[in-house]
Amino acid sequence: MNKERTFAYNVNRGGYMLTDYQRKVLRILYNYNSGRRRLPTVHELTVKTGRHKTDVMVALDALISAEYIHWDDRSDTANIVILEGWERESEKPKADRRPASVYNNNNTDYWTQY
């Protein structure tokens, strides 16, 4: 099954976490809109992402269902309305942090031992 067709369920919010590819498409949409004052075409999205049109459309559908974008008239990507340009804070993957005790407080080991 296609990776983009499945969603990772986020139990904290009750929503869906975006896949890397979906986040990439969202960032391309946002950056095009802010930098070029227009939204990219589907062809430009395929060029920028290196994926086929079907993959782009699946990612756009996922962004619609997760309410990151709104796209009523699907005849052109210029009709896309970006609701949120970044992944929601509660849906971002959490990185494991090292405890503070692992690090040396005075940080001199780096300069004296390496």
Side-chain angles (χ1 to χ4, degrees):
M1 181 173 225
N2 191 349
K3 181 180 172 186
E4 279 70 46
R5 292 178 196 259
T6 60
F7 303 105
Y9 187 69
N10 186 350
V11 248
N12 296 334
R13 187 167 187 267
Y16 296 106
M17 288 179 23
L18 297 178
T19 63
D20 289 340
Y21 182 65
Q22 293 163 354
R23 266 192 305 278
K24 182 177 188 175
V25 170
L26 180 62
R27 296 306 305 152
I28 291 170
L29 290 172
Y30 182 84
N31 290 335
Y32 251 79
N33 194 27
S34 62
R36 299 182 185 194
R37 303 287 185 235
R38 69 176 180 85
L39 289 163
T41 63
V42 173
H43 175 71
E44 288 171 328
L45 285 171
T46 60
V47 170
K48 294 288 181 189
T49 61
R51 299 276 186 103
H52 295 286
K53 180 180 176 179
T54 55
D55 294 331
V56 170
M57 297 306 289
V58 167
L60 289 173
D61 287 338
L63 292 173
I64 291 168
S65 65
E67 297 179 351
Y68 282 96
I69 63 173
H70 183 74
W71 192 18
D72 277 339
D73 182 10
R74 293 182 179 223
S75 63
D76 188 14
T77 56
N79 301 319
I80 292 175
V81 177
I82 300 173
L83 303 174
E84 293 185 61
W86 282 271
E87 188 172 24
R88 297 174 188 113
E89 195 66 34
S90 62
E91 293 181 0
K92 288 183 180 177
K94 305 294 184 214
D96 292 334
R97 303 275 185 210
R98 291 186 190 174
S101 62
V102 172
Y103 300 107
N104 188 353
N105 289 339
N106 61 13
N107 241 359
T108 57
D109 290 346
Y110 176 80
W111 302 105
T112 58
Q113 295 180 9
Y114 300 105

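Small disclaimer: the values here were computed from a predicted structure and weren't measured.
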Who passes side chain to side chain donor-acceptor pair (under 3.5 Å) against [X], sequence neighbours left out?
X: R36; value: Y32
X: D72; value: H70
X: S75; value: D73

What distance separates [X] [atom1] from [Y] [atom2], expressed to the nearest 0.5 Å?
X: N31; Y: K48; atom1: CG; atom2: NZ; result: 10.0 Å
X: E84; Y: L26; atom1: CD; atom2: CG; result: 8.5 Å
X: D55; Y: L60; atom1: CG; atom2: CG; result: 11.0 Å
X: H43; Y: T77; atom1: NE2; atom2: OG1; result: 12.0 Å
X: K24; Y: L29; atom1: NZ; atom2: CG; result: 12.5 Å

**Q.** Q22 and Y68, any side-chain heavy atoms less than 4.5 Å apart
**A.**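 With C-beta onward as the side chain, the pair stays apart.
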Q: Would you kindly confirm whether V42 and L63 end up in one hydrophobic cluster when ILVMFWY residues are joined by side chain heavy atoms under 4.5 Å apart?
A: yes
Q) Considering residues at least two apart in sequence or located in another chain, which fulfil the side chain to side chain contact (heavy atoms under 4.5 Å, CB included) criterion with I64? A)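 Once residues adjacent in sequence are excluded, the partners of I64 under the side chain to side chain contact (heavy atoms under 4.5 Å, CB included) criterion are D61, I69, W71, R74.
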Q: Take Y21 and T49 through the side-chain contact (heavy atoms from CB on, under 4.5 Å) test and state the conclusion after the steps.
A: CA-CA 8 Å; Y21 182 65; T49 61; 3.2 Å; yes
Heavy-atom closest pair, residues [X] and [Y]:
X: G85; Y: R27; result: O-NH1, 2.6 Å
X: L39; Y: A78; result: CD1-O, 4.1 Å
X: R88; Y: A66; result: NH2-O, 2.8 Å

Q: Mark yes or no for whether R23, through its side chain, and L18, through its backbone, hold a donor-acceptor pair below 3.5 Å.
A: yes
Q: Using salt bridge (charged side-chain N to carboxylate O under 4.0 Å, His left out) as the criterion, list what pairs up with E44, not counting sequence neighbours.
A: R38
Q | For Y30, all residues meeting ring pair (Phe, Tyr, Trp, His ring centres under 6.0 Å), sequence neighbours excluded | A |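 Ring pair (Phe, Tyr, Trp, His ring centres under 6.0 Å) list for Y30, sorted by chain: W86.
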